[in-house]
Amino acid sequence: MAATPRKNKAARRILAAGAGLATVGALVAAMPSAGAAGDTYAAGQGTNGKGWGRMVDVQLLSFNDLHGNLEPPAGSSGQVTRTKEDGTTEKIDAGGVEYLATHLRQAREGNRYSITAAAGDMIGASPLLSGLFHDEPTIHALNDLDLDVTSVGNHEFDEGARELARMQNGGCHPTAGCFGAEKGFEPFEGADFPYLAANVTNEKTGRPILDPYFVWEKDGVKIGFIGVTLEGTPNVVTAEGVKGLKFGDEVETINKYTKILERKGVKSIVALVHEGGMPASSSVNYNCDGDGDGEGEGVSGAIVDIAKNVSPQVDALVTGHTHQAYVCSIPDPAGNPRLVTSASSFGKLYTDTTLTYDRATKDIVRTAVASANHVVTRDVPKAEDISQLIADWKDLAAPIANRPQGWIAADINGRGSTAYEKPLGDVIADAQLEGLAPADKGGAQLALMNPGGIRADLVYKASGSEGDGVVTYGESFTVQPFTNMMNVVDLTGANLITALKQQVSGSNLNSIKILQVSKGLTYTLDMTKTGADRVVDGTIKLNGEAIDPSKTYRVAMNEFLAGGGDGFGALATGKNKLVGASDLDVFNAYLAAHSSAANPLPVPAADRITVVK
């Protein structure tokens, strides 16, 4: 496969700053002059970004949380809900980078000033087609999409800062080597776009590990981008992934670099924030501004407080992390409405925002900002260059990806389930218990699985030529892509009870995370109560017997949970740890042991957690 054409990095990182791993300030001098021979300009007010008038329309295309989904996501993970004019809703198949490329390219037509930006989690927790090759295919695809800039997200740290630097700068993988060399693939050259990590610093030096900001410039129009990830990244990534790093407050960091950009004469600023909110409706065209007063009352969550405290000089916030769709106005500290957007996940949507730039003030005219989310439908032609890229990598992955692992009788939903207890969560927890129950494997009595680690559904319909109901290695990898090692630890009954209460309290009070539990573990979740009281005392039982606070239990979980991830500090108190096989290995072993073509795995009843509403 020929190397993806690389663009002039100097031209794409104008005024990039920060002496991090990707600093390229020395290249600024090599920047060619703006504009192109033969361009014509109209006088007066610009239209669609054309002309040299005082007001210029700049198109900002944005998306977030791609997670390496190069191919169209399967099942419910590849659908969005839209409300029709009559008030009913419809499901629309969406996503796939071949289609995203076409939509973006069509959207750019007629727009002289067009920027494409993203809000993190472009890679990490990726399907096998990207994950098997440490996400190099996704970086290639993003280069071909003409992505201009992105913030880092928490999943950019799944393999640590050194691997993230490789994503930016290129080079062969330190242990896996150069992928596809035998097929003529060129060595990996890294991202043509800057990854921004303003609030991620080296603990020893205090300096950002990557550029904190980027300034896009054309014909004298300058727009600055500041990129941050959520301060709580260490709570949602393995300890090894964030080792040696410090994650700063999002608001303080954005405000700090806003002042720096202002001193450099950049007054139009967009924050790329890998943190998000929850709209009151899952419909992609839901009006989260309600009565239109610009208060954004239809969205809640961490992004609301961030938006209300980020400097008024920032003109818009492009956000992510929660995988939700919204285009809202939330008042800035001066009380003025400010745009806050998010485009779902997996490449199913993109946001098209018009920023009206005033050449006289060098600032965005807030009252002229317009924005909307658009569905990445699959009724457009596929982008041929992206199709070829996918085909090349699929050919390389095929011997592994197409290997059958098991059979299912119907869709078993994980990511696509809105229930607290997910059918696929039961399967995964049971697989972990079975794999770690033998005495020589850890002697587990129960297993716990974090819901965020279930990245997809098991879909009955064939994704290729394998046949309906067949689960391939590629499909099981998409469900469990982290290759977390399984741990079995001694946990007191008291700490087990505390851990279950931490699902709905502490850092999870406003963002509930219900652990998936193995067979035999039951309890009642009363959502009419608040905080830790939602886990009803006296109802937590193992095989019909109440959990004894003074007794010790052998509990299986992945290494992320065993380290206290997702706010489950009580799970980090475990003793006598035994490290077992990977979560993917025990999952595949379970599928092989409990299913066949004649007797496929049924959909679990998901009746272990009794929910009172």
Side-chain angles (χ1 to χ4, degrees), residues 60-67 69 73 75-95 99-100 103 107 117-121 270-308 316-332 336-355 366 369-379 413 415-420 510-512 527 613:
L60 174 61
L61 302 175
S62 59
F63 57 97
N64 51 276
D65 296 276
L66 181 63
H67 290 289
N69 278 263
S76 59
S77 293
Q79 293 182 324
V80 296
T81 300
R82 182 167 61 190
T83 301
K84 297 189 289 186
E85 289 185 5
D86 62 4
T88 61
T89 59
E90 60 179 339
K91 295 282 189 181
I92 304 172
D93 291 337
Y99 302 108
L100 176 62
H103 279 278
D121 276 7
V270 175
L272 305 176
V273 186
H274 191 72
E275 178 62 287
M278 299 295 294
S281 168
S282 61
S283 179
V284 297
N285 56 340
Y286 165 67
N287 178 14
C288 62
D289 283 335
D291 58 11
D293 60 5
E295 293 297 323
E297 66 268 21
V299 67
S300 60
I303 197 60
V304 176
D305 285 339
I306 291 173
K308 288 182 176 180
L317 284 77
V318 175
T319 74
H321 187 56
T322 56
H323 291 202
Q324 301 300 308
Y326 49 83
V327 175
C328 301
S329 291
I330 298 176
D332 66 18
N336 298 316
R338 177 168 53 193
L339 188 70
V340 180
T341 72
S342 177
S344 186
S345 63
F346 300 169
K348 293 179 291 189
L349 300 179
Y350 72 93
T351 311
D352 191 337
T353 301
T354 299
L355 302 172
R366 289 266 194 96
V369 171
S371 184
N373 276 330
H374 298 274
V375 179
V376 177
T377 59
R378 301 176 190 167
D379 57 359
N413 286 337
R415 196 76 176 182
S417 171
T418 58
Y420 291 128
N510 298 315
S511 181
I512 294 171
M527 298 307 294
K613 297 183 179 180

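Starting from 1, each residue takes its place in the sequence as its number. Quick caveat: nothing in here was measured; it's all calculated off a predicted structure.
Rounding to the nearest 0.5 Å gives a distance of 7.5 Å between CG of Asp65 and OG1 of Thr322. How far CD1 of Ile303 is from CD1 of Ile330: 7.0 Å, rounded to the nearest 0.5 Å. To the nearest 0.5 Å, atoms OG (Ser342) and CE (Met278) are separated by 10.0 Å. Going from atom OG of Ser62 over to atom CG of Asn373 covers 7.5 Å, rounded to the nearest 0.5 Å. Interatomic distance, Tyr286 OH to Gln324 CD, rounded to the nearest 0.5 Å: 12.0 Å. How far NE2 of His321 is from CD of Glu275: 5.0 Å, rounded to the nearest 0.5 Å.
For the pair Asn69 (side chain) and Leu66 (backbone), a donor-acceptor distance under 3.5 Å is present. A donor-acceptor pair is defined here as one N or O able to donate and one able to accept, closer than 3.5 Å; such a pair exists between the side chain of Arg378 and the backbone of Ala94. Judged by distance alone, with hydrogens and angles left aside, the side-chain atoms of Tyr326 form no donor-acceptor pair with the main-chain N or O of Cys288 at under 3.5 Å. When atom types are taken as modelled, the side chain of Asn285 and the backbone of Thr83 share a donor-acceptor pair closer than 3.5 angstrom.
In this structure the side chain of Lys348 never reaches within 4.5 angstrom of the side chain of Val284, judged on heavy atoms.
Between the side chains of His103 and Thr377, at least one donor-acceptor pair of N or O atoms lies under 3.5 Å. A donor and an acceptor atom, one from each side chain of Thr81 and Lys91, are located under 3.5 Å apart.
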Check the pair Leu272 / Val270 against side-chain contact (heavy atoms from CB on, under 4.5 Å), numbers first and verdict last.
CA-CA 7 Å; Leu272 305 176; Val270 175; 4.3 Å; yes
**Request:** Report the C-alpha separation of Asn64 and Asp121 in whole Å, then their side-chain angles, then the decisive distance to 0.1 Å, and conclude whether the side-chain contact (heavy atoms from CB on, under 4.5 Å) test is met.
**Result:** CA-CA 7 Å; Asn64 51 276; Asp121 276 7; over 6 Å; no
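Contact record, Arg415 with Ser77: CB-OG, 4.0 Å, taken as the closest heavy-atom pair. Considering every non-hydrogen atom in both Ala107 and Asp352, the closest pair reads CB-OD2, 4.3 Å. Taking every heavy atom of both residues into account, Ala307 and Leu317 meet most closely at CA-CD2, 4.1 Å. Gly416 and Ser76 get closest at one heavy-atom pair: CA-OG, 3.0 Å. Pairing each heavy atom of Leu60 with each of Ala117, the nearest pair is CD1-CB, 4.0 Å. Residues Gly276 and Thr319 approach most closely at CA-OG1, 4.4 Å, considering heavy atoms.
Classified by interplanar angle (parallel below 30°, tilted 30° to 60°, perpendicular above 60°), the ring pair His323/His67 is tilted.
Under the rule for a salt bridge (Lys or Arg N to Asp or Glu O under 4.0 Å), the partners of Arg82 that lie at least two apart in sequence or sit in another chain are Glu90. Every residue two or more places apart in sequence or in another chain was checked for a salt bridge (Lys or Arg N to Asp or Glu O under 4.0 Å) with Asp93, and none qualifies.
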